[in-house]
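These notes concern the structure reproduced below.
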Amino acid sequence: MKILVVATKAPWPPLDGGRLLLLHTLEGLAAAGHRVTLVAPVDPGRFDIGSVASALRPLCSPRLVAARPAERLPTLVRAVVTGMPLSVARHSLAAVRGEVERLLATEPFDLVHAEQLQALPQVPRQGTPPVVLRAQNVESALWAAAARRRGGGMGALLAIEARRLAAWEGEAVRRTAATVALTPEDAARLAQLAGFGGLRGPAASGKVHTVAAPFPASLPAGGTALSGDPAVVVLGSAGWLPNADSAAWFRNEVWPAVRAALPGAVLHLFGEEAGGSAVGVTAHPAPADSADAFPARAILAVPVRIASGVRMKILEAWARGVPVVGTPEAVSGLGAESGRELLVAEDPAGFATALARLHGEPALARSLVAAGRAALRERHDPAAVSARLAAIYAEVVRGTP
């Protein structure tokens, strides 16, 4: 099958969950023999476009565009003029759309895969093969949760954006030939936004599907040890509100409780929003190689309080042999249970207790990692996930979604 993938960012280097998800998807499709052309912007101020293309060429035919998301003022103006949600307007890039239009006019594709809601405006509505949308998150749910947490005037603005996103998501699901969500919960939300009345209706008609995130069951741990007894890792990504919120909450409210229980612990905050100083805290830039954040004998804390989709960082921790403590929001959608694949903590005291258990009970840490890797094999095997995705593609191409 010949597939045109349109994305909001190139999946190399795999610095965040969204890039990692797309990278493993491309790997699975390539291994299954599908021919993929990828159109995505690359910020020339951050990455060398030639190096990115070289890294992706074994998996696809990369058609990378030197472009960066719009700045705040142009984004706001575009959103006001077009009615787009802000996050969609920010990624609506004329250069990317132009490359998509050129490819569609000159090459035959079986279908178009739009990676995230923000990529969909780059795909023409007319004269286009069937379009499949993969929603990494339910964007409106994230903004609505952020609005509730912020409150006040900012919360009111976030709530307005959430409503605009909800309308766009509903229209996107109705417009595309099929929508793929990462979790049943997200599939149900998207179905409701589209007016299908819940998951059962669109599942019967083939419009909304759940396909797990692909991930290998085993990867090597990072080679460089991190300081601390234990070393606790929190991962963030610049400009992403859920991660900025979680990093600040963990550093300011959770970490004092952890240090009281584990005086030798060191918190390693990765990402640009990891600024600020506190006792026992070390800030790192986003790692050039994600393995650097998952060294042996570390513990991953995932204090996310605003969530949708799947936390790819948890999947990577399992694959690299690192035990995990996360909030209920962080583990939602994984089918994991506290005490089986990871530990769940809801507040500072809960995180302190869970981290102390993992530090003091190596056998527990090993059993959680083993169960996590079993979950990767059972639910996230790249070959099985790619086969499921390809089956949806085939249904769409046959015209019987």
Side-chain angles (χ1 to χ4, degrees), residues 10-24 26-28 46-48 51-52 54-56 58-59 213-238 243 247 250-251 255 258 262 264-274 280-303 311-326 330 341-343 355 358-377 380-382:
W12 189 268
L15 299 177
D16 55 61
R19 296 177 200 267
L20 201 57
L21 172 61
L22 182 54
L23 180 66
H24 287 311
L26 294 178
E27 290 172 345
R46 296 183 63 195
F47 308 109
D48 176 70
S51 299
V52 174
S54 296
L56 294 174
L59 308 178
F215 212 95
S218 182
L219 292 172
T224 303
L226 295 174
S227 62
D229 187 29
V232 179
V233 172
V234 170
L235 296 169
S237 57
N243 285 342
F250 195 87
R251 180 182 61 241
W255 191 241
V258 174
L262 295 166
V266 175
L267 171 60
H268 295 269
L269 280 169
F270 285 85
E272 294 179 26
E273 61 276 274
V281 177
T282 300
H284 305 265
D289 183 341
S290 64
D292 293 343
F294 298 95
R297 293 180 294 281
I299 302 171
L300 177 69
V302 190
R311 263 51 59 202
M312 298 295 289
K313 64 189 74 175
I314 294 180
L315 305 185
E316 186 166 6
W318 288 340
R320 296 194 186 279
V322 173
V324 177
V325 180
E341 296 95 348
L342 40 68
L343 297 181
L355 290 167
L358 288 175
H359 180 54
E361 302 176 38
L364 172 62
R366 289 193 297 270
S367 72
L368 296 180
V369 167
R373 284 177 163 165
L376 290 175
R377 289 190 295 270
H380 300 275
D381 175 65

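Here the structure is a predicted model, which is why all the values come from computation and not from measurement.
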Heavy-atom nearest pair, Ala298 first then Pro323, reads O-CD, 3.4 Å
Minimal non-hydrogen separation, His380 against Ala213, with atom names: ND1-O, 2.6 Å
Find out whether Phe294 and Val233 are in side-chain contact, i.e. whether some heavy atom of one side chain is under 4.5 Å from a heavy atom of the other. no
Quick one: are Leu235 and Leu300 in side-chain contact, heavy atoms under 4.5 Å? yes
Write down the atom of Val232, the atom of Ala301, and the distance for their closest heavy-atom approach. CG1-CB, 4.0 Å
Spacing of Leu267 atom CG and Leu355 atom CG [to the nearest 0.5 Å]: 9.5 Å
Heavy-atom side-chain contact between Trp318 and Leu342 under 4.5 Å: yes
With a 4.5 Å cut-off on side-chain heavy atoms, are Leu23 and Trp12 touching? yes
Could you give the side-chain donor-acceptor pairs of residues 216-231 under 3.5 Å, partners two or more places apart or in another chain?
{"unit_1": "Asp229", "atom_1": "OD1", "unit_2": "His359", "atom_2": "NE2", "d": "3.3"}

Heavy-atom distance under 4.5 Å between the side chains of Leu20 and Glu316, does that happen here? yes
Is there a side-chain contact between Leu368 and Leu358, using heavy atoms and a 4.5 Å cut-off? yes
Interatomic spacing from CG in Leu376 to CZ in Arg373 - rounded to 0.5 Å: 8.5 Å
Between OG of Ser367 and CD of Glu361, what distance do you get to the nearest 0.5 Å? 9.0 Å
Shortest non-hydrogen separation from Phe270 to Pro287 and the atoms involved: CD2-CD, 3.8 Å
Do the side chains of Pro214 and Leu21 get nearer than 4.5 Å, heavy atoms only? yes
Looking at residues at least two apart in the chain, or sitting in another chain, which of them share a side-chain contact (heavy atoms from CB on, under 4.5 Å) with Ala374? Arg377, Glu378
Sub-3.5 Å donor-acceptor pair from the side chain of Arg19 to the main-chain atoms of Ala10, do we have one? yes
Separation between CG of Leu22 and CG of Leu59, rounded to the nearest 0.5 Å: 9.5 Å
Just so I know, are the side chains of Val281 and Leu269 near enough to count as touching, which here means a heavy-atom distance under 4.5 Å? yes
How are the rings of Phe215 and His24 set to each other: parallel, tilted or perpendicular (split at 30° and 60°)? perpendicular
Derivation of the side-chain contact (heavy atoms from CB on, under 4.5 Å) call for Val266 and His268: CA-CA 6 Å; Val266 175; His268 295 269; 3.5 Å; yes
